[in-house]
Peer 1: 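Sharing a structure, written as structure tokens. Questions coming.
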There are 2 protein chains.
Amino acid sequence: MNSMTAARSTSPADRPQLGLRERKKIKTREAIRDATYALIKEQGYDATTIDQIAERAEVSPSTVFRYFPTKEDIVLTDEYDPILMEELRARPADEPWPQTVRHVMREAVRTGIEEDPEVARIRTRLLVDVPAVRSRMMESMSVTGRMFATAISERTGLDPDSLEVRVYTMSLIGGLMETSMFWAEHGHRGDFPDLLDRALDILQNGLPVQNR
Amino acid sequence: MNSMTAARSTSPADRPQLGLRERKKIKTREAIRDATYALIKEQGYDATTIDQIAERAEVSPSTVFRYFPTKEDIVLTDEYDPILMEELRARPADEPWPQTVRHVMREAVRTGIEEDPEVARIRTRLLVDVPAVRSRMMESMSVTGRMFATAISERTGLDPDSLEVRVYTMSLIGGLMETSMFWAEHGHRGDFPDLLDRALDILQNGLPVQNR
DNA sequence: CCATGAAATGAGAGTAGCTCTCAAAAGATG
DNA sequence: CATCTTTTGAGAGCTACTCTCATTTCATGG
């Protein structure tokens, strides 16, 4: 889901029959990411330059850009979308859609946080503190949004490119984003999945006021 | 509303008692903006550099940055938020909230397009074509979102900083954004306000499916 | 009308993200 | 082991953006 809920790198163990080349690539990716997180923790995001990251990861700056198109991507990129999609398809076809969304998002977020709570927290903090990261996140989120649109289309037969479906998925994405920020702004207190539930309630039922 | 619906510059006539200094500042602002739009129309956004803009506007590059913090802002900035806020407050206090939103947004968008249809179209196109502009727009939109949150709070007594209100306003903003992009992607065909109505329907009632 | 203070401007140097090119190094393959 | 392919590093180059400082331009009170 391209989000604060990263699928962390597959552990070294479960890469058996990969060639040396592939294994090195994975290691480089991890080295860059780890270096970045470490430096950010020490000096903050803006003060951390690509050159520093390259140096600590023991690669050249060119290589950093070869692995990640932008600095923000180092912090944001994950490979969650396919997993999310899979889980989406695994739900019974006759399950009411809102319930599916709830389940899938909740599950994704929960898994992500469990994988590496530290990273989840740093990410959401960056989301709040660094506008560039926030923006980039939005972009990558909209990719996830397209995926949701596809899933909705498969379920309901609605046109995934229609204004209706697009607005709907956008609101989901936006809600998830806002919830992440809310969580971070409040010192990561409370259970994220619970917050998500509240957010989805709003999206489903509107604000809790008399004259809605 | 910090959006594709700019309040265009006040016409030279209605700036009576301003000092020469202030009048010059306004003129410079306009010169920069006009130069930018012209250049973008000729060569596209990315190909247009700050130096070119400065040259055509007959100011120094430093001055460009003195007036606009980023290149994207030259294209996006407007002074619509206060107007929107005013219109928001002008609505009867007992009007159902969704109706207020509908009216206010519709009105704002309509006015914006009428002011300068050309600019409205260029902006929405940039929104689709240039990720950086899209991101920046989202940022400025969230400011508008805070404004809505304040208005909602005044109306309903809900905490503007609560997760609920934030998620709700975010979905409004996102919907508006998505609608703008939809409009541009479809060659600006159809009536924008009508599209907005459809978008708001979705946000209010969810997707038009059986099992929602 | 001019002198003094304040604000706006221009010139220029500097930083950092990002792109591109090309030659060297390292893994894959028969 | 030789050859082919992929990955890497070095470095030049572009552009958005920041900062500083001297110069110009407007405002104001005498």
Peer 1: By nearest nucleotide on DNA chain D, pick out whichever of Ala47(B) and Pro69(B) is the more 5' one.
Peer 2: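 The 5'-side residue here is Ala47(B).
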
Peer 1: Mind checking what makes ring pair (Phe, Tyr, Trp, His ring centres under 6.0 Å) contact with His103(B), not counting sequence neighbours?
Peer 2: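 With sequence neighbours excluded, His103(B) shows a ring pair (Phe, Tyr, Trp, His ring centres under 6.0 Å) to no residue whatsoever.
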
Peer 1: Applying ring pair (Phe, Tyr, Trp, His ring centres under 6.0 Å), can you list everything that pairs with Phe182(A), at least two apart in sequence or on another chain?
Peer 2: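 Ring pair (Phe, Tyr, Trp, His ring centres under 6.0 Å) check on Phe182(A) returns His186(A).
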
Peer 1: Suppose we screen for side-chain contact (heavy atoms from CB on, under 4.5 Å). Which residues come up paired with Asp129(B), at least two apart in sequence or across chains?
Peer 2: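 With neighbours one apart ignored, the set is Arg125(B).
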
Peer 1: Who are the salt bridge (Lys or Arg N to Asp or Glu O under 4.0 Å) partners of Arg29(A), not counting sequence neighbours?
Peer 2: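 Arg29(A): no salt bridge (Lys or Arg N to Asp or Glu O under 4.0 Å) contacts found.
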
Peer 1: Name all residues meeting the salt bridge (Lys or Arg N to Asp or Glu O under 4.0 Å) criterion together with Asp73(B); count only those two or more places apart in sequence or in a different chain, and write none if there are none.
Peer 2: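 Testing Asp73(B) for salt bridge (Lys or Arg N to Asp or Glu O under 4.0 Å), a comparison that skips the adjacent residues, returns Arg136(B).
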
Peer 1: For residues 165-178 of chain B, which residue pairs qualify under side chain to side chain donor-acceptor pair (under 3.5 Å), counting only residues two or more places apart or in two chains?
Peer 2: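 Non-adjacent pairs meeting side chain to side chain donor-acceptor pair (under 3.5 Å): Arg166(A)-Glu178(B), Glu178(A)-Arg166(B), Glu185(A)-Arg166(B), Trp97(B)-Tyr168(B).
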
Peer 1: When you list every nucleotide of DNA chain D with an atom under 4.0 Å from a heavy atom of chain B, which one comes first 5' to 3', and which comes last?
Peer 2: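 Answer, 5' to 3': dT15(D) to dA27(D).
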
Peer 1: Among residues 58-65 of chain A, which ones have heavy-atom contacts with DNA chain D below 4.0 Å?
Peer 2: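 The answer is Val59(A), Ser60(A), Ser62(A), Thr63(A).
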
Peer 1: Suppose the criterion is salt bridge (Lys or Arg N to Asp or Glu O under 4.0 Å): which pairs have a residue in residues 190-204 of chain A, not counting sequence neighbours?
Peer 2: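 Found Arg102(A)-Asp197(A), Arg102(A)-Asp201(A), Arg106(A)-Asp194(A), Arg106(A)-Asp197(A), Arg198(A)-Glu164(B).
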
Peer 1: Determine, for nucleotides 24-30 of chain C in 5'-to-3' order, which nucleotides have protein heavy atoms under 4.0 Å from the base (write B), from only the sugar-phosphate (write S), or from neither (write -).
Peer 2: --BBS--

Peer 1: dG17(C) P sits how many Å from Lys71(B) NZ, rounded?
Peer 2: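 Rounded to whole Å, this separation is 18 Å.
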
Peer 1: Applying salt bridge (Lys or Arg N to Asp or Glu O under 4.0 Å), name anything that partners Glu139(A), two or more places apart in sequence or on another chain.
Peer 2: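 Listed in chain order: Arg134(B).
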
Peer 1: With Asp51(B), which residues qualify under salt bridge (Lys or Arg N to Asp or Glu O under 4.0 Å), at least two apart?
Peer 2: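 Applying salt bridge (Lys or Arg N to Asp or Glu O under 4.0 Å) to Asp51(B) gives none.
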
Peer 1: Does dT9(C) have its OP1 or OP2 closer than 4.0 Å to a side-chain nitrogen or oxygen of Tyr67(B)?
Peer 2: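 For Tyr67(B), the contact criterion (side-chain N or O under 4.0 Å from OP1 or OP2 of dT9(C)) is met.
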
Peer 1: Is the positively charged end of Lys71(B) above the ring of Phe65(B), judged by distance under 6.0 angstrom from the centroid and angle within 45° of the axis?
Peer 2: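 No.
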
Peer 1: Could you tell me how far apart Lys25(B) (NZ) and dA6(C) (C1') are, to the nearest whole angstrom?
Peer 2: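 Between C1' of dA6(C) and NZ of Lys25(B): 12 Å.
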
